Amino acid sequence: MTLFEDILLTVDFDRTLTDPHGKIPPRNFQAIEYFMANGGTFTVNTGRSAVTFHDYLELIPHNAPFLMYNGSAAYAHGELTQIKPIDLDVWEVLDTVHRLVPDLNLEVQGVNKHYLVEPHPDLVALYEACRWQYTYATRDLDMRPFIKFSLFGTPSKPEVANLYLRTPEEQRRFQEVEQTILELYGDKVDVYYAAPRIIDVHAKGVSKIAAARTLQANLGKKLLVCVGDAENDIPMLDGADHAFCPADGRVANLYNTVCPCAQGAVADVIYKKIPEILGLQLDIVE
């Protein structure tokens, strides 16, 4: 069947496709399979790197390349493609940022591993708990392509969910750091918040919406539908033909909402919202 053949659906990962604890509700899996079986094209559009998304590459049903690093690269057939590196010297950036912002954890997100710059032990504990591949940044390592670097607040627990918690003092500090980075490198980079305690920095002009629109054009799809929950999803949601947010998303007040992420927000979009967009009356039995 080809009910959804005109649709490209790209969705954020953390707290959109997953619940707040990083688990994907079974309802979402079922809905994605239904969507693709009926002609739809589905992929994930995430700020995560290939390293932190590795466990999901074969788990999540999809029929288009994954979009990663906030749109800085795509992943298909076992390799990263369409890489858009930062046009700066990696060590000049690391030396400068680490000197100016020693209180935050600095990392470079590479193709096969992350490179940590004098990290706090609690951040290393998070990496170990999540089984993310990492090493310590040293000058003998070739960290190219320079896809993205990030600044982390130190987690108090080795859980990804802890990166979504911050104090008002931390918020003010992150705003100061963002301004510092833009003053230094604003002609070369853009800055997004992947989570309340993560600042992502990547090449100027890179975004989730640019990656999604490029994919849409390559596939010849008429409509782009996007789902996201946080500040780094705003360009994607604003630029989509139709945009939705889980009811418990951080930017839920700005967009049409579906059920909370733990209840299967992506499934709600597939089973309810996309048929409405297409003017279809479907009797879907879940």
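Keep in mind it's a predicted model, so treat the numbers as computed, not measured.
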Task: Flag for Tyr185-Glu92: side-chain donor and acceptor within less than 3.5 Å - done: yes

TODO: Using only heavy-atom distances, determine whether the side chains of Thr154 and Asp122 contain a donor-acceptor pair under 3.5 Å.
DONE: no

Task: Distance, nearest 0.5 Å, that separates OG1 of Thr10 from CD1 of Ile209 - done: 7.0 Å

Side chain of [X], backbone of [Y]: donor and acceptor closer than 3.5 Å?
X: Lys148; Y: Gly47; value: yes
X: Asn28; Y: Ala267; value: yes
X: Asn63; Y: Phe42; value: yes
X: Arg15; Y: Cys261; value: no
X: Arg197; Y: Arg166; value: no
X: Thr2; Y: Glu5; value: no

TODO: In plain terms, say whether Lys188 and Asp87 are close enough for a salt bridge, that is, a side-chain N and a carboxylate O under 4.0 Å apart.
DONE: yes

Task: Ala129: side-chain contact (heavy atoms from CB on, under 4.5 Å) partners, not counting sequence neighbours - done: Pro158

Open item on the list: Just to verify, what does Asn253 make a side-chain contact (heavy atoms from CB on, under 4.5 Å) with, not counting sequence neighbours?
Closed with: none

- [ ] Tell me whether the guanidinium CZ or amine NZ of Arg48 lies under 6.0 angstrom from the six-membered ring centre of Tyr69 and within 45° of its axis.
- [x] no

